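Proteins get letters first, then strands, A, B, ... in listed order; numbering begins at 1 in each. All values derive from a computational prediction rather than experimental measurement.
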Number of protein chains: 2
Amino acid sequence: MTKPDPLLDALAQVAFKTTTALTEVAGDVGLTLPQLRVLGILRGRRVRMSDLAAYLALEKSSLSGLVDRAEGRGLVKRERSEADARAIEVFLTDRGEALARAIEHRAASAVDDLLGPLSQAERDALLGLLAKALSD
Amino acid sequence: MTKPDPLLDALAQVAFKTTTALTEVAGDVGLTLPQLRVLGILRGRRVRMSDLAAYLALEKSSLSGLVDRAEGRGLVKRERSEADARAIEVFLTDRGEALARAIEHRAASAVDDLLGPLSQAERDALLGLLAKALSD
DNA sequence: TATTGTTATACTCTATAACTATA
DNA sequence: TATAGTTATAGAGTATAACAATA
């Protein structure tokens with residue numbers, strides 16, 4: 001019959017559990033998951049629309065809407081780039097920074113719950129493996 | 001300034017990378033990520049709508065639409081439960097099973113790429129940690 | 001009364017295509 | 001010509017609220 005790939009299954013399940021948890025955190029503060037991602041990426045940074053779209057693996061037009069809505073809520077601002085008059089840079093407002101901070105705390109707590117059964121040593125090992133997987 | 005949580009960051013990034021990869025796999029076969037999840041869960045199973053919704057962490061109404069579209073593509077079928085006349089069970093059609101099988105191969109390959117830098121021993125260790133995290 | 005599922009409605013997310021402005 | 005971004009449009013996903021049928 002079927003031949004499941006255990007690593008695929010485990011990774012997919014953890015990924016879905018993580019996004020579900022982050023979606024809940026976002027909802028708690030009146031955001032969606034993509035909005036939470038934008039805030040997370042923009043913490044302490046000023047990013048060009050095209051770079052942000054590439055990082056999120058979204059089309060430019062999708063990002064326009066995302067940023068429109070975030071801007072409408074007063075969380076981010078747009079500013080024309082001085083170096084390239086075609087480009088627009090996005091960054092967090094004070095309110096956006098504050099919300100991003102609140103989200104970070106809640107998200108860390110949610111992830112902590114998710115990893116409940118793991119000891120500190122196991123968490124360290126997991127971090128090492130994840131970091132290496134991300135290093136390619 | 002800020003105090004990032006390394007494990008939160010790494011887990012979130014891996015989760016997003018995984019879902020991005022699975023979204024691409026889904027797109028390759030004309031599906032969306034939620035549809036891919038439905039197919040993956042339904043492999044070799046017959047599940048009640050309410051159970052499927054709970055598993056996916058979706059409202060019943062959201063699942064109705066998801067299953068409507070999958071049924072419209074001939075991938076799943078609905079059947080009234082014999083045990084409880086209120087309940088409806090969903091299951092894959094032959095075409096749905098075949099597509100789920102094709103997805104499994106592509107997804108395994110995509111995850112393999114994602115974990116590129118990890119040795120076999122590290123993959124085994126990662127699987128162990130993920131499985132334990134999921135065991136709560 | 002409680003549970004199962006659907007429908008109606010509204011909003012968010014996303015992509016494609018066509019457009020403007022700048023390089 | 002190529003790149004950066006927006007707008008228009010359409011489809012999918014999601015939640016809330018109201019509903020019908022069954023337990």
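- With DNA chain D read from its 5' end, the first of the two nearest nucleotides for B/Arg80 and A/Glu89 is the one closest to A/Glu89.
- With 3.5 Å as the limit, one finds no donor-acceptor pair spanning the side chains of B/Gln13 and B/Asp9.
- No donor-acceptor contact under 3.5 angstrom links the side chains of A/Ser62 and A/Glu59, judged on distance only.
- For A/Gln120, the CD atom counts as densely surrounded, since its 6.0 Å shell holds more than 12 non-hydrogen atoms of other residues, nucleotides or ligands.
- Whole-Å rounding puts the A/Arg86 CZ to D/dT6 P distance at 14 Å.
- The nucleotide whose nearest atom lies closest to any side-chain atom of A/Asp84 is, among D/dT7, D/dG5, C/dA23, C/dA23.
- In terms of phosphate contacts, B/Arg78 brings a side-chain nitrogen or oxygen within less than 4.0 Å of OP1 or OP2 of C/dT6.
- As a whole-Å value, the separation of B/Met49 CE from C/dT4 P is 12 Å.
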* Apply side-chain contact (heavy atoms from CB on, under 4.5 Å) to the pair A/Gln35 and A/Val29, showing each step before the final yes or no. => CA-CA 11 Å; A/Gln35 299 286 345; A/Val29 297; over 6 Å; no

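- At whole-Å resolution of the value, CG in B/Leu31 and P in D/dG11 are 17 Å apart.
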Restricting to nitrogen or oxygen on both sides, can you table the protein-nucleotides 8-15 of chain C pairs closer than 3.5 Å?
residue : atom : partner : partner atom : Å
C/dC13  : OP1  : A/Thr32 : OG1          : 2.0
C/dC13  : OP2  : A/Gln35 : NE2          : 3.2
C/dC13  : OP2  : A/Arg69 : NE           : 2.4
C/dC13  : OP2  : A/Arg69 : NH2          : 2.9
C/dA15  : OP2  : A/Glu59 : N            : 2.9
C/dA15  : OP2  : A/Ser62 : OG           : 2.7
C/dA15  : N7   : A/Ser62 : OG           : 3.4

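- As rounded to whole Å, 11 Å separates atom P of D/dA23 from atom CZ of B/Arg48.
- When each of C/dT4, C/dT6, D/dG5 is scored by its nearest atom to the side-chain atoms of B/Ile88, the top-ranked nucleotide is C/dT6.
- Using a 4.0 Å heavy-atom distance criterion, B/Ser50 is classed as a sugar-phosphate-only contact.
- Electrostatic pairing of B/Lys17 and A/Asp136 counts as a salt bridge here, judged by a charged N lying under 4.0 Å from a carboxylate O.
- Rounded to the nearest 0.5 angstrom, A/Arg78 CZ and A/Met49 CE are separated by 5.0 Å.
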